*Asks:* 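One structure follows; several queries about it will come next.
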Amino acid sequence: MSDDASLWTALADPHRRAIVALLLEGPRSVGEIVEVRGLSQPSTSKHLKVLRQAGLVRVRQDAQRRVYALDPAPIAALDAWLAPYRGLWNTSLDALGRRLDGTSDASGDATDPEPPETSPEPPTPKD
């Protein structure tokens, strides 16, 4: 596995994140990745090289094909690094939920407010 900065740099690109998501389904050859992602073969190979150098994917030779698979270790390391931040989000989302619950309790049913009362139209005089 490479350093944390290269992991984040590798995952910063949306094409590489899409490749990682595709490999989450299982190992794929370069040709399969090209076909599914719609990128050119040279572009896909460059993205896979960056992912490989960051330690996010492994490659094995299968006759004439190169088959790529996710390496779970760097993903687990990123997950562990993100764990304390998840706690911050959970605390914030819980506080938002309590606030929204309090708002709907204070004003009645927030999803179906009553229409404002209107006075009837005055009759129009006839000539």
Side-chain angles (χ1 to χ4, degrees):
M1 179 170 114
S2 197
D3 62 63
D4 288 343
S6 67
L7 291 175
W8 291 111
T9 301
L11 292 172
D13 184 275
H15 293 296
R16 290 192 286 267
R17 288 193 308 271
I19 291 170
V20 167
L22 181 63
L23 293 176
L24 186 60
E25 299 170 7
R28 303 273 182 138
S29 69
V30 176
E32 291 170 323
I33 296 168
V34 166
E35 184 178 319
V36 172
R37 296 305 317 149
L39 298 171
S40 69
Q41 192 278 328
S43 177
T44 300
S45 291
K46 287 178 184 177
H47 287 303
L48 287 166
K49 180 180 179 182
V50 172
L51 292 170
R52 190 178 70 246
Q53 288 173 338
L56 288 162
V57 298
R58 296 181 302 239
V59 62
R60 68 177 168 80
Q61 196 73 31
D62 181 23
Q64 296 297 319
R65 301 177 338 146
R66 297 184 124 213
V67 179
Y68 285 82
L70 281 182
D71 185 345
I75 304 289
L78 289 176
D79 183 58
W81 187 86
L82 287 169
Y85 298 97
R86 256 187 237 100
L88 292 172
W89 272 104
N90 289 340
T91 301
S92 297
L93 291 173
D94 288 345
L96 175 62
R98 285 191 302 276
R99 176 141 183 140
L100 292 174
D101 289 344
T103 302
S104 67
D105 290 345
S107 65
D109 187 3
T111 59
D112 191 19
E114 292 183 28
E117 291 185 27
T118 57
S119 58
E121 292 285 324
T124 56
K126 293 190 178 192
D127 290 330

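Note that the structure is a prediction, hence the values are computed from the model and not measured. Counting begins at 1 with the first residue of the sequence.
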*Asks:* With a 3.5 Å cut-off and sequence neighbours excluded, list the donor-acceptor pairs that the side chains of residues 91-98 form with protein atoms.
*Replies:*
unit_1 : atom_1 : unit_2 : atom_2 : d
Thr91  : OG1    : Gly87  : O      : 2.9
Ser92  : OG     : Leu88  : O      : 3.1

*Asks:* First locate atom CD1 of Ile75, then atom CG of Leu11, and finally report the distance between them rounded to the nearest 0.5 Å.
*Replies:*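 The distance works out to 6.0 Å.
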*Asks:* Taking only residues two or more places apart in sequence or in another chain, which ones pass side chain to side chain donor-acceptor pair (under 3.5 Å) with Asp79?
*Replies:*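 By the side chain to side chain donor-acceptor pair (under 3.5 Å) rule, Asp79 matches Arg86.
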*Asks:* Is there any ring pair (Phe, Tyr, Trp, His ring centres under 6.0 Å) pair reaching into residues 21-72, and which pairs are they, with sequence neighbours excluded?
*Replies:*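 Sorted pair list: His15-His47.
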*Asks:* I want to check something: taking the side chain as every heavy atom from C-beta on, are Asp62 and Ser29 in contact at a cut-off of under 4.5 Å?
*Replies:*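 SC-SC contact between Asp62 and Ser29 ruled out.
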*Asks:* Is a side-chain donor or acceptor of Gln61 paired with a backbone partner of Ala63 at a separation under 3.5 angstrom?
*Replies:*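 The answer is yes, because a donor-acceptor pair under 3.5 Å joins these two groups.
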*Asks:* Do you know the tightest heavy-atom contact between Glu32 and Pro27?
*Replies:*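 Taking every non-hydrogen atom into account, OE1-O, 4.4 Å.
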*Asks:* Work out which heavy atom in Arg17 is nearest to a heavy atom in Ala12; give both atom names and the distance.
*Replies:*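 Residues Arg17 and Ala12, closest heavy atoms: NH1-O, 2.9 Å.
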*Asks:* If you round to the nearest 0.5 Å, how far is OG of Ser43 from CD1 of Ile33?
*Replies:*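 Separation between the atoms: 11.5 Å.
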*Asks:* Looking only at heavy atoms, which two atoms of Leu70 and Arg58 are closest? And how far apart?
*Replies:*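 The answer is O-NH2, 3.5 Å.
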*Asks:* Look up atom CG in Leu56 and atom CG in Leu78, then write down how far apart they are to the nearest 0.5 Å.
*Replies:*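 Those atoms lie 7.0 Å apart.
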*Asks:* Per the side chain to side chain contact (heavy atoms under 4.5 Å, CB included) rule, which among Asp71, Leu23, Ile19 passes with Val57?
*Replies:*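 With Val57 as partner, side chain to side chain contact (heavy atoms under 4.5 Å, CB included) holds for just one option, Leu23.
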*Asks:* For Arg16 versus Ala10, what's the shortest heavy-atom pair and its separation?
*Replies:*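 Smallest interatomic distance, heavy atoms only, reads NE-O, 2.8 Å.
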*Asks:* State, to 0.1 Å, how close Pro74 and Leu7 come at their nearest heavy-atom pair, and which atoms those are.
*Replies:*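 Heavy-atom minimum between the residues: CB-CD2, 3.8 Å.
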*Asks:* How far apart are the C-alpha atoms of Arg37 and Leu22, what are their side-chain angles, what is the distance that settles it, and do they pass the side-chain contact (heavy atoms from CB on, under 4.5 Å) test?
*Replies:* CA-CA 9 Å; Arg37 296 305 317 149; Leu22 181 63; 4.2 Å; yes
